[in-house]
Structures are given as structure tokens and as C-alpha cells.
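Read through the structure below, which is laid out as C-alpha cells, and then see the notes.
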Number of protein chains: 2
Amino acid sequence: MISQTMEDYLAAIYRVETVAHRATTGAVARRLGVSAASASAMFHKMADAGLVRYREYLGVTLTATGRLQATQVVRRHRLTERFLTDMLGIGWDRVDKVADQMEHALPEEVTESFARVLGDAARCPHGYPIPSVSGEVAVRETVSLAQMAVGSGHIAWVSEDDPVLLADLARRGLVPGAHVQVLTGEPGGKRRMVRVAGRAAAGLQVRLLQAVAVEVEMDARP
Amino acid sequence: MISQTMEDYLAAIYRVETVAHRATTGAVARRLGVSAASASAMFHKMADAGLVRYREYLGVTLTATGRLQATQVVRRHRLTERFLTDMLGIGWDRVDKVADQMEHALPEEVTESFARVLGDAARCPHGYPIPSVSGEVAVRETVSLAQMAVGSGHIAWVSEDDPVLLADLARRGLVPGAHVQVLTGEPGGKRRMVRVAGRAAAGLQVRLLQAVAVEVEMDARP
DNA sequence: TCTCTGGTTTAGTCGTCTCTAAACCATGTT
DNA sequence: AACATGGTTTAGAGACGACTAAACCAGAGA
């Protein structure tokens, strides 16, 4: 009933919605590497299938059933990523693409086995939450590192889109769970002093603005 | 260039060829669960691609390049089966189907990681050899349990086709590597005494003729 | 208000893989 | 030797998902 391609669209829409509340044709097409025309045609089909609400020229939003399906696809994707890094030792900068390629062929039996051998991992290697079987997603209050006030916290997640950036972040210790301190500077400012895992993050200041991809969960202020 | 569907055909042809020297349209179609017409059309395409020689009404044989490609598909399949049983604990009676479903989506990076974490396994869970990266396949001299002379040996492989039969075989201890002794009876005869792993295999006599699926490597006679 | 521009949709095609129905070939049987 | 039968091939068509080119809409700036 719901094709593999449609699953890819569901996941893409889900991801776009988490940052934009409405997924436009272009944004989804870009994410999937297809033409806008193809995405438009697929939106019609998905609306017919009751997975999305479609408003022409404005984009789509997931229906309840669409959202549930989407979380399952995302669960599968993130469990697969976790499996690829933890069990096979594949670098976290490549697992997103690899998981994309293999996930739609994985039977539920296999991904749930991943969950079992991984001890029900809560997050993917980039720090995003893994939805539960019933579709629940743990939400966390975070700020981007660039917008963070002076203080300390732990990295919650980093965007998995760009392998080059990911490899760079790993070299600098900017991985989920790492302790970060912002010592000086205004939120959004250009000059900031940052420590990662206790060490000064040299050269990080310049890159900060690009690093909107890094989200931090701030420590409670005493 | 070579589609996922074509890979499935390659593997099927390879498997049929190992028992029949020439893969007929019908045999391949049955194995893949498609119509003979579809298989015929695909044979034309594969012949155009130089993967098989096609003689109308007689079937196909793999070319050198076709055979190499096929062994790689088979390698992937059997590594995947091994992974499913050894790492995920999925029953050997189900892994053939599961591997079929997921294998064509697995990047080489992943299957070769399977090989690494499995310590370069030599055989699939049913005992079939896993071809090397360069396409070599270890061959073993075997006889079917039904045709075996009085004597002893070890089970080399069992046919993976029928899940019900597989589960039954496992219950009786008829798994690859198990020691078997044929005590009495003529090769191909109806009444035979068989011991499996030292214990008398009760009820096995009747089933022997169905058990052409069990291949045994006989011990050298002293 | 008009127009420009960028994103969106439609129209028309193509490629891949599949199917059923009907024609076809190559056997073994009578 | 004729023929029936079972497997094989062609013919015709449909589902799916992708593309390009062209028409279309909506909001920003003049």
C-alpha cells in the first residue's frame, strides 16, 4: 500500500516539518534529490492516501496517520545508523547516507533486532531521538551553540547532513554528550570563547556561525 | 548499469546452474516468483548486457562476467544470512527470505563489514560456501544423505528453500557440521538406520527420501 | 497598481518491471 | 507419423516513479 519511495518522502517531510511546520515542495525535493515536479506528483498521491494534507503552492503537513508512519520510518533510520556505528564501526559522518540506502529494505524484524542488541538506544549517533515503537519522541530544550548565552551545557545533537562538517566536528570533540562552556560573547555574536570537554576550542570562533548545526542542552543554573 | 532486479536474476540463475548446468526460463521464474514471460524478457536484457548466453527455448548460461557478478551477489546474500543468525539471533529457517529482501539494498561497505565482524565466515548458516571477494568458491565432495553408503561423515549443507523442513531438521540435530552415521541399508533404499551426533535418529527413515536436501561429506575410510 | 522573480504545478514522456492472453516449439505417446 | 502436452516466447498493456519544458501563482519592489 505504501511504497518504499513514499516512505522516503514521509521521512523527508517529517524532518522538514520539525524545523518549518510546513514542508514545501522545493524543500522536500532538495532533501531527496529529485525534481520539484516529482515531489509535487508524489504529494498528490500521498494526500489521496491520507498521509498528508496538501495545500497547493504552500506545501504539505502530515496527518496523524502520516506522522505515525513517518516516526516509524525515522525510528528505523536512526536505529540503523546506531547499528552501523556501534556494531560495524562505520564513521558517523557516513552513516546517514548508508542508512538511507539500506533502510527501506529492512524488515521490521531486523530493525527491532537492532534495537534489542543495542539495548534500546535512545538516540542516533548524531544525537537525534529515536522514536519509540508507538511513535513517541523524547523532546529536549536546546539552543544552537551560536545562540547560546554564556554558561555551560552538553551537546544534544548535531545536524547529520554534511559529512565534511561532521568529520570536522568530531575532530574538535563536538559530539553529542560533550561538555561545552561558552565563556564570553553575546548570543549570535561573532567573537566568542568556547571550551569543549575542558579544552579551549581553537579556531572555533570563526566557524561558529556555520555551526548552527550544533544544538546544546544547557545546564541548569544554580 | 545492472539493476537490483537483474541482480536477483543473476543469483537465481547461479543457483539453478549449480544443479542443472543450464537455467531454464521456468526454473528461474519459479525461484523468483515471477511469470515465465517476465523472466524471458529479462533474459533478453541480460544477454544484451553480456551477462548470459541465451538460447531460445533452452535457457541461459552465465558468461564469465555474469558469473563473477553472480558470485558477488551470492557472497552478499550468504554473508547477510550469517550476520542475521550470528549477530541478530534470527532463526536459520527464516534468514534466506529476510536476506533476499534486504540484500540488494546493502552497500558493499556494509556487507564487507559483516565479513569483518564475522571473522571472514566461510559458509552460510545452511552450509553453503561464501564466495571470496574475487569470486572463488570452495567446492566439497558430497553425497546426499539418502544416497550415502554405510559409513560416517559430517553434514556439509542443507537446502535452505523450505523453512518448515529446516526447522524440522534443526530439531533432529541435522545441522551443518553434525556427525552422521549410516548403519544399515542400501544407498537410495527405504529402510536405513541413521545416527545423528551419536543418537539414533528416530523417525528419520521415513523422511529420508524427502531429505535429498541434506548433503554429507563422508569421512575418509581408514 | 504593475511587474518581476522564484518557486510550484501541469503536460507530456520515458524507463523499468511486471502481468495476462495467445501463439509457438519440442518433446514423448499412441 | 500424427498429436497432445507442457514449457517458452511474443504481443499488448499497466503501475510506478522519474524527468524536462512550459504554464502558472504569489509576494516583493518600483
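Each chain gets a letter, A, B and so on, in the order its sequence line appears, and its residues count up from 1. Here the structure is a predicted model, which is why all the values come from computation and not from measurement.
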Nucleotides 5-19 of chain C: protein proximity per nucleotide (B base, S sugar-phosphate only, - neither; heavy atom, under 4.0 Å): --BBBB------SSB
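Of the charged side-chain nitrogens involved, at least one lies within less than 4.0 Å of a carboxylate oxygen, so that A:Glu112 and A:Arg75 count as a salt-bridged pair. Taking 4.0 Å as the cut-off between side-chain N and carboxylate O, A:Arg67 and A:Glu17 count as a salt-bridged pair. Ion pairing of B:Glu215 with B:Arg140 is absent here, as no side-chain N (NZ or NE/NH1/NH2) approaches a carboxylate O to less than 4.0 Å.
Considering only residues two or more places apart in sequence or on other chains, A:Lys45 meets the side chain to side chain contact (heavy atoms under 4.5 Å, CB included) condition with A:Met6, A:Met42. Residues meeting the side chain to side chain donor-acceptor pair (under 3.5 Å) test with B:Arg116, sequence neighbours left out: B:Ser113.
Rounded to whole Å, atom P of D:dG7 lies 18 Å from atom CZ of B:Arg22.
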